[in-house]
K.L.:
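Take a look at this one; I'll ask things after.
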Amino acid sequence: MELVVLGAGGGWPGPGGATAGYLLRAEGFHLWVDLGSGTMARLQQHVALEDVGAVLVSHRHFDHLVDLYPFWLSLWYQRDRPPIPLYAPPGTFEHAAQLTPEIAQAYDVRPVEPGREFEVGPFRVRTAPMQHPVPTLGLRFEAEGRALCYSADTGPTEALVSLAEGADLLLAEATWLDRPSGAEPIHLTAAEAGEAGRRAGVGRLVLTHVWATNPREVVRERASEAFGGEVTVASEGLVLEV
């Protein structure tokens with residue numbers, strides 16, 4: 001299984017960056033997970049648009065789905081192509097379609113209740129509800145004898161630790177260095193991401209969804225101290241064998 005980071009920005013991208021988006025590849029199948037702003041442009045550096053087998057949106061916040069719109073245009077102009085499978089929590093696509101209802105032409109929407117398991121291409125996907133203001137899927141992908149867990153957006157939750165248990169790689173959000181005063185626990189700090197990875201016993205921890213203003217080395221150091229091992233801070237274009 002291969003992970004390609006298309007976007008690692010939290011909320012908004014830094015210069016030349018993109019918000020949340022990832023390409024997973026196994027057995028020749030290409031799964032686009034989260035379609036944040038700028039990820040479609042980066043996707044095409046790794047795979048042709050027509051070779052994307054399915055898309056998956058973790059939740060309905062726009063920094064995770066806004067490139068549904070340009071991708072719709074690319075599919076809509078290829079009228080002989082059947083709608084592409086789109087997996088997302090119930091109501092996510094309907095929320096996005098309020099802006100442009102015509103995007104329904106391009107997608108075969110397959111709602112996923114948090115906690116449900118399903119298969120897409122060679123991937124067996126387990127989900128769990130994350131700690132976030134809207135229904136959000138934590139995701140565990142298993143293929144080729146390997147396991148990758150993606151936190152999506154979440155605050156600290158036992159559901160993430162359970163979902164990630166023993167995974168080869170945990171791709172965890174680390175939006176904050178310190179939780180802002182008065183803020184609800186709807187995102188992880190770098191240290192909390194490290195703690196989740198340590199408790200889950202994962203083989204490797206990769207941080208993503210980092211605010212552009214946070215110093216990357218400080219993010220890495222805080223997570224590494226809590227994790228008890230080396231940590232990678234994701235950047236656009238990073239390619240990892242899981």
Side-chain angles (χ1 to χ4, degrees), residues 3-22 33-34 36-39 58-59 61 63-64 128-134 136-141 147-242:
L3 165 68
V4 181
V5 177
L6 306 175
W12 73 95
T19 61
Y22 314 93
V33 180
D34 279 346
S37 60
T39 58
S58 64
H59 65 293
H61 286 158
D63 59 324
H64 291 255
M130 296 292 97
Q131 181 65 37
H132 207 52
V134 299
T136 302
L137 300 173
L139 297 154
R140 182 185 177 107
F141 302 92
L148 179 153
C149 184
Y150 170 45
S151 71
D153 283 12
T154 187
T157 173
E158 289 298 315
L160 175 60
V161 175
S162 296
L163 187 67
E165 184 176 2
D168 297 286
L169 186 151
L170 171 59
L171 180 64
E173 76 120 287
T175 305
W176 292 327
L177 281 175
D178 299 292
R179 184 169 296 113
S181 177
E184 295 293 324
I186 60 172
H187 288 294
L188 296 174
T189 66
E192 288 168 341
E195 176 68 9
R198 183 190 65 78
R199 292 183 58 212
V202 302
R204 186 170 189 178
L205 178 62
V206 178
L207 304 181
T208 191
H209 203 272
V210 175
W211 271 3
T213 54
N214 290 346
R216 291 171 58 86
E217 186 58 25
V218 177
V219 171
R220 188 195 65 78
E221 288 176 355
R222 291 196 184 183
S224 181
E225 182 177 353
F227 180 55
E230 286 298 314
V231 171
T232 299
V233 180
S235 58
E236 288 75 15
L238 178 67
V239 180
L240 296 173
E241 289 291 332
V242 179

K.L.:
Please walk me through it: do H209 and S151 pass side chain to side chain contact (heavy atoms under 4.5 Å, CB included)?
P.N.:
CA-CA 10 Å; H209 203 272; S151 71; over 6 Å; no
K.L.:
Should Y150 and V206 count as side-chain neighbours, where that means a heavy-atom distance under 4.5 Å?
P.N.:
no
K.L.:
I'd like to know whether CD of E165 has more than 12 heavy-atom contacts from other residues, nucleotides or ligands below 6.0 angstrom.
P.N.:
no
K.L.:
Is the shortest heavy-atom distance from the side chain of T136 to the side chain of T154 under 4.5 Å?
P.N.:
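No, every pair of side-chain atoms sits at 4.5 Å or beyond.
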K.L.:
Does the side chain of T39 reach to within under 4.5 Å of the side chain of D34, using non-hydrogen atoms?
P.N.:
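Not in contact.
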K.L.:
Could you report the tightest heavy-atom contact between V233 and R220, atom names first, then the distance?
P.N.:
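In terms of heavy atoms, the two residues are closest at CG2-CB, 3.6 Å.
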K.L.:
So which heavy atom on G11 is nearest to which on D63, and how close?
P.N.:
N-OD2, 3.2 Å
K.L.:
Heavy atoms only: give me the nearest T208-G7 pair and the separation to one decimal.
P.N.:
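Of all heavy-atom pairs spanning T208 and G7, the closest is OG1-O, 4.1 Å.
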K.L.:
Does R199 come within less than 4.0 Å of E158, counting only side-chain N to carboxylate O?
P.N.:
yes
K.L.:
With a 4.5 Å cut-off on side-chain heavy atoms, are R179 and P156 touching?
P.N.:
yes
K.L.:
Please name the residue in the list L171, L240, D168 that meets the side-chain contact (heavy atoms from CB on, under 4.5 Å) test with R204.
P.N.:
L240
K.L.:
Heavy-atom distance under 4.5 Å between the side chains of V4 and Y22, does that happen here?
P.N.:
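Heavy-atom side-chain distance check fails, nothing below 4.5 Å.
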K.L.:
For H64 and D153: C-alpha separation, side-chain torsions, deciding distance, then whether side chain to side chain donor-acceptor pair (under 3.5 Å) applies.
P.N.:
CA-CA 10 Å; H64 291 255; D153 283 12; 3.1 Å; yes
K.L.:
So how far is it from E184 CD to Q131 CD, rounded to the nearest 0.5 Å?
P.N.:
8.5 Å
K.L.:
Got a second to check how far T19's OG1 is from W12's CH2, nearest 0.5 Å?
P.N.:
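That separation rounds to 11.5 Å.
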K.L.:
What is the distance from atom CG of N214 to atom OG1 of T175, rounded to the nearest 0.5 Å?
P.N.:
8.5 Å
K.L.:
What distance separates T232 OG1 from L169 CG, expressed to the nearest 0.5 Å?
P.N.:
8.0 Å
K.L.:
Is there side-chain contact between V219 and W211, with heavy atoms separated by less than 4.5 Å?
P.N.:
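When only atoms from C-beta onward are counted, W211 and V219 do not touch, as no gap falls below 4.5 Å.
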K.L.:
If you round to the nearest 0.5 Å, how far is CE of M130 from CD of E173?
P.N.:
10.5 Å
K.L.:
Could you report the tightest heavy-atom contact between G229 and S224, atom names first, then the distance?
P.N.:
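Smallest heavy-atom distance, with atoms named: O-OG, 2.6 Å.
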K.L.:
Specify the closest pair of heavy atoms between A212 and P13, including all atoms of both residues, with the distance to one decimal.
P.N.:
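In this case the closest contact between A212 and P13 is CB-C, 4.4 Å.
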K.L.:
Please report the shortest heavy-atom distance between A196 and L160, naming the atom on each side.
P.N.:
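The answer is CB-CD2, 4.2 Å.
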K.L.:
With a 4.5 Å heavy-atom cut-off, do L177 and P215 have their side chains touching?
P.N.:
yes
K.L.:
How many angstroms lie between CD in E195 and OG1 in T189, if you round to the nearest 0.5 Å?
P.N.:
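These two atoms lie 10.0 Å from each other.
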